[in-house]
Peer 1: 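Pasting a structure below so you can have a look.
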Amino acid sequence: MAKHLTKRWRFRAGERDIASITEITRFAQVPPVLAKLLVSRGVQTPNDVARHLDPRLIHLHEPNSLHGCARAAQMLVNAVRQSKKIAIYGDYDVDGMTATAILFKCLRLDFTGDNAARPIFFIPNRLKDGYGLNCETIQELKDRGVEVIVTVDCGITAVEEVALAKKLGMTIIITDHHQPGEKLPDADAIVHPNLFGHPDFADCGKFDALPDDIFLEMYAEAPKNRAPEEEVVRRKVILANRPSTLIQYPEIDEPYSFPYLSGAGVAFKLAWAICQRFASNPRVGPRRQAFILEAISLAAIGTVADVVSLTDENRVIVVTGLQQLREKPSVGLEALLKVSKLFDKNAFEAEDVGFSLAPRLNAAGRLEQAWIGVDLLTTDNPESARETAVYLDELNEKRRNLETVMQREASKQLKELYPQQTESPTAIVLASHDWHPGIIGIVAGKLAERYNAPSILIALSKTGAQSGTGSARGISNVPEFNLHDTLVQCSSYLERFGGHAGAAGLRISAGNVEAFRDAFCEVVDRVLPKESRIPELWIDSEEILAIFTLKAVQAINTLAPFGTDNPAPVFCTTDVVLSRVPAALGKQRYDGDAQRPVHLALFVEQGGRTYRIIAFNMGEHLEELTEIYEKRKPIDIAFRPLLNSYNGQTRVDFHLVDWRLH
């Protein structure tokens with residue numbers, strides 16, 4: 001079987017900042033190991049520690065301070081009051097589905113069931129419509145009487161499509177968080193957390209509050225250095241007669257406080273601002289407050305699923321959203337929790353979203369039925385929710401089966417095409433007429449992670465009459481490698497492509513695949529240094545296993561939810577020996593090898609004690625680890641300490657991340 005390829009171990013700097021660690025340990029009353037982790041994540045004062053370990057809704061930034069949010073909120077409130085037909089135009093991934101559900105439910109709060117002007121939503125078909133705004137669909141919405149389009153999780157690059165909507169006499173509002181193009185679309189309003197540095201930002205007028213926004217006049221602090229003297233006098237009269245609750249006036253001469261919101265996070269902020277205006281108060285009434293709490297659970301799911309930074313207000317959204325999901329899930333989410341076998345958990349973690357809820361919702365989008373996911377997230381009918389959740393569970397099982405078959409075929413093709421580089425290919429380009437375009441991105445990502453090599457999978461047309469759809473994934477531990485720039489150098493073989501440094505999509509004819517493979521591998525070989533192809537493993541600190549008591553690991557877990565910019569801690573310990581022969585863990589076996597376990601249990605000695613180390617998905621290294629045991633070779637291990645609760649008992653488990661000879 002495969003020989004273990006040790007990662008390049010790198011240590012975070014936090015453990016060397018003794019002064020900050022000592023201060024946090026003393027004043028925040030946390031264990032030293034937790035203090036180290038906080039410092040390595042940039043949390044370096046006791047006040048920062050309190051906010052990080054106990055995030056609350058009051059820590060969210062005021063929604064009207066998000067660029068364009070006040071403008072868009074007032075436009076949508078005006079449209080609802082004028083009974084204009086509104087369409088929410090979403091996306092087919094989980095972030096897009098949850099963002100759509102948030103705005104759809106928000107805007108329907110003031111409509112009865114038989115009102116013809118009730119807002120509708122549209123989710124594009126992944127294969128038929130493609131990503132983002134679509135000119136044909138815009139025309140169809142116009143023909144259906146839609147007067148206002150508001151996008152979620154898409155639209156920031158849709159210059160041509162927005163121009164068509166405006167030509168047709170429609171109002172169009174863009175809410176998005178993706179990278180913009182050189183030119184911003186000429187929308188009526190744009191809500192985006194990270195456009196401050198764009199050349200069009202200051203002068204396009206898409207982010208300014210509306211001049212007739214009474215809500216801001218009543219509740220917002222006067223904008224800094226803008227109001228003439230007579231305006232100051234007028235606002236003093238307003239200030240003297242308004243409630244004491246104040247909000248932050250939207251400023252366009254400084255960036256938004258947190259630029260890393262997900263699409264669902266942006267939609268949540270907009271929905272919050274809309275609710276404030278309908279309530280004529282920054283503090284909304286019980287009905288809209290209940291909606292906001294439901295919306296934050298949707299925003300939490302979208303935020304985790306979209307793998308954005310889990311810091312600052314994203315951390316607040318996820319922590320409070322997961323709490324709300326546990327305490328009072330919506331009808332649809334309760335049904336989804338039940339089919340995911342999560343409903344009886346005492347508390348939810350980000351991993352529950354990433355590995356259970358999101359895949360079931362994503363399965364609908366990958367298999368061209370994303371609208372079903374939004375139906376589930378917005379329904380109030382328990383029976384309909386149960387049936388839809390069961391169907392999504394079945395779709396997810398179908399997706400998993402397709403993925404398993406595709407992974408097996410990709411591994412076989414990899415060995416055939418790269419016989420000299422099976423274990424360490426420079427880059428990977430594989431294609432098949434049998435692969436589903438909605439699944440190739442998952443498998444490409446897994447190949448890129450396993451081999452630490454840029455990977456592209458292409459689903460070719462079964463008849464060969466149409467071009468193939470490709471999904472590309474870069475490598476996360478080499479930030480200087482830009483996948484999009486690499487594709488630019490091979491673009492003569494492609495019909496079209498798009499994406500960013502870490503992921504991309506493309507279209508290619510079957511006849512160009514082989515030449516493109518050669519060109520792509522040649523470019524990667526030239527621009528990606530060989531030493532960079534060794535995957536990195538970031539380790540928080542070196543510790544002996546004995547310090548990871550139940551209390552210590554419980555303290556470490558207060559850093560959760562883990563994800564981008566707040567990774568699950570990894571520790572190492574050195575010079576240990578295996579005290580028993582590696583053993584099979586569970587009954588799962590590799591395909592075609594009934595004797596080889598997928599997972600292993602290792603046992604190491606340290607300080608006169610024996611510890612069990614769980615090695616998931618490392619059965620292919622059974623012989624190598626057995627030899628290490630038989631020859632009593634000392635090793636260093638990198639691991640994660642985790643809590644394992646079963647039958648009312650909780651214990652500490654160690655999960656192996658990597659090992660190397662000492």
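Position 1 is the first residue of the sequence, and the numbers go up from there. Please read these numbers as outputs of a predicted model, since none were measured by experiment.
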Peer 1: Please work out which of the three classes, parallel, tilted or perpendicular, describes the rings of His67 and Tyr256, given edges at 30° and 60°.
Peer 2: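 Geometry flag for His67 against Tyr256: perpendicular rings.
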Peer 1: Could you give all pairs that pass the side-chain hydrogen bond (donor to acceptor under 3.5 Å, both in side chains) test and reach residues 293-310, with sequence neighbours left out?
Peer 2: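 Pairs touching residues 293-310 that pass the test: Lys105-Glu294, His177-Asp306, Ser262-Thr303, Ser309-Thr311, Ser309-Asp565.
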Peer 1: When you look at His61 and Asp312, which way does the side-chain contact (heavy atoms from CB on, under 4.5 Å) test go after all the steps?
Peer 2: CA-CA 9 Å; His61 306 304; Asp312 202 276; 2.9 Å; yes
Peer 1: If the threshold is 4.0 Å, N to carboxylate O, is there a salt bridge linking Lys269 and Glu313?
Peer 2: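 Glu313 and Lys269: salt-bridged.
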Peer 1: What I want to find out is whether Lys166 reaches Asp188 closely enough, with some N-O distance under 4.0 Å, to be called a salt bridge.
Peer 2: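 Looking at Lys166 and Asp188, the cut-off is met.
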Peer 1: Ignoring hydrogens and geometry, is there a side-chain-to-backbone donor-acceptor pair from Arg366 to Gly438 under 3.5 Å?
Peer 2: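 Side chain of Arg366 to backbone of Gly438, a donor-acceptor pair under 3.5 Å: yes, one is there.
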Peer 1: Counting distance only, does the side-chain N/O of His52 pair as donor-acceptor with the main-chain N or O of Asn47 below 3.5 Å?
Peer 2: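 Such a contact is absent between His52 side chain and Asn47 backbone.
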Peer 1: I need the Ile123 CD1 to Asp93 CG distance, nearest 0.5 Å.
Peer 2: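 Between Ile123 CD1 and Asp93 CG, I get 9.5 Å after rounding to 0.5 Å.
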Peer 1: I'd like to know if the side chain of Asn314 and the backbone of Val308 have a donor-acceptor N/O pair within less than 3.5 Å.
Peer 2: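 Looks like no, no N/O pair under 3.5 Å.
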Peer 1: Report the C-alpha distance between Thr320 and Arg56 in whole Å, list the side-chain angles of each, state the deciding distance to 0.1 Å, and finish with yes or no for side-chain contact (heavy atoms from CB on, under 4.5 Å).
Peer 2: CA-CA 7 Å; Thr320 55; Arg56 301 182 181 185; 5.7 Å; no
Peer 1: My understanding is that only one of Ile190, Leu133, Val148 makes a side chain to side chain contact (heavy atoms under 4.5 Å, CB included) with Ile172; could you say which?
Peer 2: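 When side chain to side chain contact (heavy atoms under 4.5 Å, CB included) is applied between Ile172 and each of Ile190, Leu133, Val148, only Leu133 qualifies.
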Peer 1: Between Ile456 and Leu487, is there a side-chain heavy-atom distance shorter than 4.5 Å?
Peer 2: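 The answer is yes, as the side chains (C-beta and beyond) meet within the 4.5 Å cut-off.
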Peer 1: Measure the spacing between CG of Leu361 and CE of Met97 and express it to the nearest 0.5 Å.
Peer 2: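 Here the interatomic distance stands at 6.0 Å.
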Peer 1: Please step through side-chain contact (heavy atoms from CB on, under 4.5 Å) for the pair Asn78 and Leu210, ending with a clear verdict.
Peer 2: CA-CA 11 Å; Asn78 293 345; Leu210 293 180; 4.2 Å; yes
Peer 1: Would you call Pro567 and Arg41 a side-chain contact if the rule is heavy atoms closer than 4.5 Å?
Peer 2: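 SC-SC contact between Pro567 and Arg41 confirmed.
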Peer 1: Shortest non-hydrogen contact from Leu216 to Ala70?
Peer 2: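 The pair with the smallest heavy-atom distance is CD1-CB, 4.0 Å.
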Peer 1: Which of parallel (below 30°), tilted (30 to 60°) and perpendicular (above 60°) describes Phe201 and Phe196?
Peer 2: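 Perpendicular: the ring planes of Phe201 and Phe196 meet at over 60°.
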Peer 1: If I compare all heavy atoms of Val318 with all of Ala300, which pair ends up nearest, and what's the gap?
Peer 2: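 Of all heavy-atom pairs spanning Val318 and Ala300, the closest is CA-CB, 3.8 Å.
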Peer 1: Please evaluate residues Asp17 and Lys36 with respect to the criterion salt bridge (charged side-chain N to carboxylate O under 4.0 Å, His left out), reporting the C-alpha separation (whole Å), side-chain torsions for both, the decisive distance (0.1 Å), and the verdict.
Peer 2: CA-CA 8 Å; Asp17 189 349; Lys36 287 182 184 179; over 6 Å; no
Peer 1: Is atom CD of Glu536 surrounded by more than 12 heavy atoms (other residues, nucleotides or ligands) closer than 6.0 Å?
Peer 2: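 Yes, the 6.0 Å shell around CD holds more than 12 heavy atoms from other groups.
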Peer 1: Look at the side chain of Asp200 and the backbone N and O of Lys183, then say whether any donor-acceptor pair between them is shorter than 3.5 Å.
Peer 2: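 Side chain of Asp200 to backbone of Lys183: no pair is present.
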Peer 1: Between Asp48 (side chain only) and Val43 (backbone N and O only), is there a donor and an acceptor less than 3.5 Å apart?
Peer 2: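 Checked: no pair found.
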Peer 1: Any donor-acceptor pair under 3.5 Å linking the side chain of Ser40 with the backbone of Arg12?
Peer 2: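 Checking the backbone N and O of Arg12 against the side chain of Ser40, no donor-acceptor pair under 3.5 Å is found.
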Peer 1: Determine, for Asp91 against Arg126, whether the closest basic-nitrogen to carboxylate-oxygen distance falls under 4.0 angstrom.
Peer 2: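 No.
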Peer 1: Kindly say whether Leu322 contributes a backbone atom to a donor-acceptor pair with the side chain of Arg326 at under 3.5 angstrom?
Peer 2: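 No; judged by distance alone, with no hydrogens or angles, the pair does not exist.
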Peer 1: Regarding Gln276 and Asn64, is there a side-chain donor-to-acceptor distance under 3.5 Å anywhere?
Peer 2: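 A pair is found: one side chain offers a donor N or O, the other an acceptor, under 3.5 Å apart.
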Peer 1: Just verifying a value: how many Å separate Ile301 CD1 and Asp352 CG, rounded to the nearest 0.5 Å?
Peer 2: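 Between atom CD1 of Ile301 and atom CG of Asp352 there are 10.5 Å.
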Peer 1: Apply the ring-ring contact (aromatic ring centres under 6.0 Å, His included) test between Phe122 and each candidate in Tyr92, Trp371, Tyr89; give the one that qualifies.
Peer 2: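 With Phe122 as partner, ring-ring contact (aromatic ring centres under 6.0 Å, His included) holds for just one option, Tyr89.
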Peer 1: Closest heavy-atom contact between Gly90 and Thr100?
Peer 2: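 Heavy-atom minimum between the residues: CA-OG1, 3.3 Å.
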Peer 1: The criterion is side chain to side chain contact (heavy atoms under 4.5 Å, CB included); which residues satisfy it with Ala271, sequence neighbours excluded?
Peer 2: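 Side chain to side chain contact (heavy atoms under 4.5 Å, CB included) list for Ala271, sorted by chain: Ile102, Leu103, Cys106, Phe291.
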Peer 1: I'd like to know whether the aromatic ring centres of Phe207 and His192 sit less than 6.0 Å apart in this structure.
Peer 2: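 Phe207 vs His192: aromatic centres not under 6.0 Å.
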Peer 1: In Å and rounded to the nearest 0.5 Å, what is the CG to CZ distance from Asn281 to Arg288?
Peer 2: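 Rounded to the nearest 0.5 Å, the CG-CZ separation comes out at 12.0 Å.
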Peer 1: What is the minimum heavy-atom distance between Asp95 and Ala264, and which atoms define it?
Peer 2: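 So the minimum-distance heavy-atom pair works out to OD1-N, 2.8 Å.
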Peer 1: What verdict does the side-chain contact (heavy atoms from CB on, under 4.5 Å) test give for Ile292 and Trp272, after you've listed the backbone C-alpha separation in whole Å, the side-chain angles of each residue and the deciding distance to 0.1 Å?
Peer 2: CA-CA 7 Å; Ile292 287 175; Trp272 183 1; 3.8 Å; yes
Peer 1: Nearest 0.5 Å, what's the CD1-CZ distance between Ile120 and Arg108?
Peer 2: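 Atom-to-atom, Ile120:CD1 and Arg108:CZ are 8.5 Å apart.
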Peer 1: Would you call the rings of Phe258 and Tyr260 parallel, tilted or perpendicular, taking 30° and 60° as the class edges?
Peer 2: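 If you compare the ring of Phe258 with that of Tyr260, the planes turn out perpendicular.
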Peer 1: When you compare the side chains of His178 and Asp176, does any donor N or O come within less than 3.5 Å of an acceptor on the partner?
Peer 2: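 Judged by distance alone, the side chains do pair up.
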Peer 1: Of all heavy-atom pairs between Val319 and Ala560, which one has the smallest distance, and what is that distance?
Peer 2: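 Minimum heavy-atom separation between Val319 and Ala560: CG2-O, 4.4 Å.
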Peer 1: Examine distances only and state if a side-chain atom of Thr469 and a backbone atom of Arg507 form a donor-acceptor pair shorter than 3.5 Å.
Peer 2: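 Side chain of Thr469 to backbone of Arg507, a donor-acceptor pair under 3.5 Å: no, none is there.
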Peer 1: If we only count heavy atoms from C-beta on, is the Thr98 to Asp153 side-chain gap below 4.5 Å?
Peer 2: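 No - every pair of side-chain heavy atoms lies 4.5 Å or more apart.
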Peer 1: Could you tell me if the side chain of Val266 sits less than 4.5 Å from the side chain of Val152, heavy atoms only?
Peer 2: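 No, every pair of side-chain atoms sits at 4.5 Å or beyond.
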Peer 1: Is the number of heavy atoms from other residues, nucleotides or ligands under 6.0 Å of Gln179 CD greater than 12?
Peer 2: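 No.
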Peer 1: Is there a donor-acceptor pair under 3.5 Å between the side chain of Ser330 and the backbone N or O of Leu333?
Peer 2: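 A pair under 3.5 Å: yes.
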Peer 1: Check whether any side-chain heavy atom of Leu261 lies under 4.5 Å from a side-chain heavy atom of Asn194, and answer yes or no.
Peer 2: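 The answer is no, as the side chains (C-beta and beyond) never meet within the 4.5 Å cut-off.
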Peer 1: For the pair Arg71 and Asp213, evaluate salt bridge (charged side-chain N to carboxylate O under 4.0 Å, His left out) and give the outcome as yes or no after the intermediate values.
Peer 2: CA-CA 8 Å; Arg71 180 183 184 89; Asp213 192 337; over 6 Å; no
Peer 1: How far does CD1 of Ile539 sit from OG of Ser541, to the nearest 0.5 angstrom?
Peer 2: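 These two atoms lie 9.5 Å from each other.
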Peer 1: Given side chains that start at C-beta, do those of Pro119 and Ile88 come closer than 4.5 Å, heavy atoms only?
Peer 2: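 With C-beta onward as the side chain, the pair touches.
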Peer 1: How about Val191 and Ile174: do any of their side-chain heavy atoms sit closer than 4.5 Å?
Peer 2: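 Val191 does not reach Ile174 side chain to side chain.
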Peer 1: For the pair Ser65 (side chain) and Glu62 (backbone), establish whether a donor and an acceptor sit closer than 3.5 Å, ignoring hydrogens and angles.
Peer 2: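 Checked: pair present.
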